[in-house]
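The figures here come from the full heavy-atom set of this structure, side chains too, leaving out hydrogens, waters and symmetry mates. Given the structure is predicted, the values throughout are model-derived calculations rather than measurements.
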Amino acid sequence: NTGNVTVSDIKITDPKVTVTGGPVTLAPGATDNTTFTASYTVTQADVDAGRVDNLATATGTDPKGNPVTDDSENGNPTDPNNPATPTCPTCTITPLPASPAIRLTKTGTFADANNNGKAEVGETITYTFKVENTGNVTVSDIKITDPKVTVTGGPVTLAPGAVDATSFTAAYTVTQADVDAGRVDNLATATGTDPKGNPVTDDSENGNPTDPNNPATPTCPTCTITPLPASPAIRLTKTGTFADANNNGKAEVGETITYTFKVENTGNVTVSDIKITDPKVTVTGGPVTLAPGAVDATSFTAAYTVTQADVDAGRVDNLATATGTD
């Protein structure tokens, strides 16, 4: 009571809450700060706003029966992040701490178009994205970008706790470099906006099962790792041609057999440093590197000098071996 007369039947009303307690009567100079209380249940709109503003009104009666009123002043400490509004300069401003956050999980699935158990150029990886609002405020206009693929879908808006696992997708076409690497690594980023217009971002986590053969790399510890099944293989075909130096229709000591070699990459990964060895001859040529499907029939040759034992046997048998590195 800041006046000079007793004010009786003082009640407090507030459009946002039900005030309990009272009424009270106050003599001049008297104060009451215990009788009246109220509680308010926070809504998501309040959390998004980062504050709750409201105004209470005290109304009593002076000794002549006239009303005495006052709108409340803000009893909370001044907060530069929560200034008073022109529409309610004396409203009580109760800040609500915001913690905007999203989480993005990305899963890659390799599609073996030929069902042959190995990855090939032109086959695809399909990516799915799960984005979650792990904070306490609504995040709007959420988009996903990825430097390796074009992500379709969205944008979406997520309330706290909400999850979207269907809006965003992407597809990637496998290259030979990917097949040779045995995997495709990539990282996506989800970006949205909190209620105050500030950006909220998260780099994707790997949604694929952990594979000890495909550990995360230090340069991208949360990259989505999509393994590509490798099937390294080469085939060596060797042809021997007897040279009848005397053209007399019979083999003789000192005549030669010339060998030619055809090596093919029959797998799905590049094979490098391919060499050919043969215990009976010195193979010249090479080494060569072959991409999948490539054939080399000219790089390697060898010659063998016929012995009497060979002539007596009526044949020369030998086996060569091609060795490379995947």
Side-chain angles (χ1 to χ4, degrees), residues 100-135 139-158 162-194 198-233 265 267-272 289-294 325-326:
I102 53 177
R103 177 186 294 128
L104 176 61
T105 305
K106 174 177 161 188
T107 302
T109 304
F110 168 66
D112 184 1
N114 300 324
N115 291 314
N116 60 2
K118 60 184 180 181
E120 296 173 308
V121 174
E123 292 181 318
T124 58
I125 295 170
T126 300
Y127 290 107
T128 56
F129 303 84
K130 181 175 75 172
V131 60
E132 307 169 71
N133 185 334
T134 56
V139 180
S140 58
D141 197 33
I142 300 171
K143 303 179 179 74
I144 297 176
T145 57
D146 189 310
K148 273 197 172 172
V149 293
T150 299
V151 181
T152 61
V156 298
T157 294
L158 295 178
V163 178
D164 184 291
T166 59
S167 292
F168 300 96
T169 58
Y172 175 75
T173 303
V174 173
T175 68
Q176 188 57 52
D178 300 325
V179 180
D180 288 347
R183 60 195 271 174
V184 173
D185 295 6
N186 63 326
L187 190 75
T189 301
T191 305
T193 307
D194 73 7
N198 300 312
V200 185
T201 67
D202 185 57
D203 288 335
S204 60
E205 301 172 17
N206 185 7
N208 286 359
T210 302
D211 181 351
N213 296 316
N214 289 283
T217 63
T219 55
C220 193
T222 66
C223 269
T224 294
I225 302 167
T226 308
L228 299 176
S231 179
N265 184 335
N268 70 330
V269 295
T270 299
V271 180
S272 58
T289 294
L290 295 178
T325 306
D326 71 6

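- The nearest pair of heavy atoms linking Ile102 to Gly192 is CD1-N, 4.4 Å.
- To the nearest 0.5 Å, atom CG of residue Leu290 and atom OG1 of residue Thr270 are 9.0 Å apart.
- Note that CG of Asn268 and CG of Asn116 are 8.0 Å apart. Values are rounded to the nearest 0.5 Å.
- With sequence neighbours excluded, the residues satisfying side chain to side chain contact (heavy atoms under 4.5 Å, CB included) with Pro229 are Phe110, Ala119.
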Next item on the list: In sequence, state the C-alpha distance, the side-chain angles, and the governing distance for Thr109 and Ile125, and then conclude on side-chain contact (heavy atoms from CB on, under 4.5 Å).
Entry: CA-CA 5 Å; Thr109 304; Ile125 295 170; 5.8 Å; no
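- The distance from atom CD1 of Ile142 to atom OG of Ser167, rounded to the nearest 0.5 Å, is 9.5 Å.
- Considering CZ of Phe129 and OG1 of Thr224, their distance stands at 8.0 Å, rounded to 0.5 Å.
- Note that the OG1 atom of Thr189 and the CG atom of Leu104 stand 7.5 Å from one another [nearest 0.5 Å].
- For residues 102-120, the pairs satisfying salt bridge (Lys or Arg N to Asp or Glu O under 4.0 Å) are Arg103-Glu132, Arg103-Glu205, Lys106-Asp146, with sequence neighbours left out.
- Counting only residues at least two apart or on different chains, the salt bridge (Lys or Arg N to Asp or Glu O under 4.0 Å) pairs with a member in residues 164-186 are Arg183-Asp185.
- For Pro227 against Asp211, the heavy-atom pair with the smallest separation is CG-OD2, 3.6 Å.
- The OH atom of Tyr172 sits 10.0 Å away from atom OG1 of Thr226, with the distance rounded to the nearest 0.5 Å.
- Using a 4.5 Å cut-off on side-chain heavy atoms (C-beta onward), Val121 and Thr175 make no contact.
- Remark: Thr210 pairs with no residue by the side chain to side chain donor-acceptor pair (under 3.5 Å) rule, at least two apart or across chains.
- Ser231 meets the side chain to side chain donor-acceptor pair (under 3.5 Å) test with no other residue; sequence neighbours excluded.
- Residues Val156 and Phe168 are in side-chain contact: their nearest non-hydrogen atoms beyond the backbone lie under 4.5 Å apart.
- Contact detail for Pro292 and Gly267: the closest heavy-atom pair is CB-O, 3.4 Å.
- Applying the salt bridge (charged side-chain N to carboxylate O under 4.0 Å, His left out) criterion to Lys143, with sequence neighbours excluded, gives Asp141.
- In this structure, Asn206 and Ile225 have side chains that are in contact, with non-hydrogen atoms separated by less than 4.5 Å.
- Under the rule for a side chain to side chain contact (heavy atoms under 4.5 Å, CB included), the partners of Thr124 that lie at least two apart in sequence or sit in another chain are Ala111, Thr173.
- Of all heavy-atom pairs spanning Thr107 and Asn208, the tightest one is CG2-OD1, 3.1 Å.
- With contacts defined as side-chain heavy-atom distances shorter than 4.5 Å, the pair Val184/Lys148 qualifies.
- Residues passing the side chain to side chain contact (heavy atoms under 4.5 Å, CB included) test with Pro100, sequence neighbours excluded: Ala98, Val137, Asp194, Val200.
- Under the side chain to side chain donor-acceptor pair (under 3.5 Å) criterion, Thr145 pairs with no residue at all, not counting sequence neighbours.
- Every residue meeting the side chain to side chain donor-acceptor pair (under 3.5 Å) condition with Thr152, not counting sequence neighbours, appears here in chain and number order: Thr169.
- Residues forming a side chain to side chain contact (heavy atoms under 4.5 Å, CB included) with Ser272 (at least two apart in sequence, or on another chain): Thr289, Thr325.
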